[in-house]
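These notes are about the structure you will find just below.
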Amino acid sequence: MTTLFDITPEAPAAPAAAGPRPGPFVIALPPGLFLLNSNQRLHHKRKAEHTAAIRSAAMEAVSESPSLMDALAAAKPGVLFQRAHVLGVLHPASGRRADPANWYPSFKAAVDGLVDAGLFEDDDHTRVVGPDMRLGRKIKGGQIALVVRGLEHGEDPLGYKAAAR
């Protein structure tokens, strides 16, 4: 199965508990949005402006998704995911070599926008695994997309079990 973003959402690593869980959802930010890169040396004011724009774009992308809005409306505790795995996909503007992890500041701002939109209560380690950054196909202007998949309590997206202490 190939999606618009050449992402095939992974099957859950652990069996799901009783009842359906939401997702996976693909949340794409607009192409051409200025993305923050760890290698940039921006003035703190400019960095804050770009961070706010990315965060706002992620929140807006959620509000423009009918399936996400329906899932949010049906969510009982007020947030859609108690725990989730976030896969971040960088779609570069060119075909040159790229290191998706360098775009972490953009992915972090986008995940914060998902918190603002109500997908998570917070993006700390107890609720969000990731974002795991990957390279996607080239898109004119560049773009990032987030694939969000719900996790059961204690489930690891890679199927690892916690070491005994």
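All values derive from a computational prediction rather than experimental measurement.
From E64, atom CD reaches atom CE of M59 across 11.5 Å, with rounding to the nearest 0.5 Å. The CG atom of L33 sits 7.5 Å away from the OG atom of S106 when rounded to the nearest 0.5 Å. With values rounded to the nearest 0.5 angstrom, D116 atom CG is found 12.0 Å from S63 atom OG. One distance of note links CZ of R46 with NE2 of H43; it measures 7.5 Å at 0.5 Å rounding. From F81, atom CZ reaches atom CG of L72 across 8.5 Å, with rounding to the nearest 0.5 Å. Between the CG atom in L114 and the CZ atom in R55 there is a gap of 10.0 Å [rounded to 0.5 Å].
With contacts defined as side-chain heavy-atom distances shorter than 4.5 Å, the pair V148/F120 qualifies. Side-chain atoms of H91 and K138, non-hydrogen and from C-beta on, never get closer than 4.5 Å to each other. Contact of the H85 side chain with the D132 side chain is registered, since non-hydrogen atoms from C-beta on lie closer than 4.5 Å. Two residues are said to be in side-chain contact when any heavy atoms from C-beta on lie closer than 4.5 Å; L119 and L68 meet this criterion. Residues V62 and E60 fail the side-chain proximity criterion, which asks for heavy atoms closer than 4.5 Å.
Residue V111 comes nearest to P131 through the heavy atom pair CG2-CG, 4.3 Å, listed as atom of the first residue, atom of the second, then distance. Contact between K47 and L36 at its shortest, heavy atoms only, is O-CD1, 4.2 Å. When all heavy atoms of Q40 and L35 are compared, the closest pair comes out as NE2-O, 3.4 Å. In this structure, A58 and G113 approach most closely via the heavy-atom pair CB-CA, 4.1 Å. Closest of all the heavy-atom pairs between G136 and P92 is O-CD, 3.6 Å. Between P31 and I139, the shortest heavy-atom distance links the atoms CB-CG2, 4.3 Å.
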Going through the distances and angles, do H50 and L42 end up as a side chain to side chain contact (heavy atoms under 4.5 Å, CB included)?
CA-CA 10 Å; H50 293 304; L42 298 175; 4.0 Å; yes
V89/I144 under side chain to side chain contact (heavy atoms under 4.5 Å, CB included): CA gap, chis, key distance, verdict:
CA-CA 6 Å; V89 182; I144 61 172; over 6 Å; no
One pair to check against side chain to side chain contact (heavy atoms under 4.5 Å, CB included): M133 and F107. What are the steps and the verdict?
CA-CA 8 Å; M133 282 92 51; F107 288 113; 3.1 Å; yes
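Grouping the Ile, Leu, Val, Met, Phe, Trp and Tyr side chains by contacts below 4.5 angstrom, directly or via other members, places F25 with V128. No continuous path of hydrophobic side-chain contacts links V79 to L146 [ILVMFWY only; heavy atoms under 4.5 Å].
Remark: side-chain polar atoms of Q82 are not paired, donor with acceptor, to backbone N or O of R127 under 3.5 angstrom.
With respect to R83 and E155, no salt bridge is recorded, no charged nitrogen being found less than 4.0 Å from a carboxylate O. A salt bridge between D112 and K108 is present, with a side-chain N of the basic residue lying under 4.0 Å from a carboxylate O of the acidic one.
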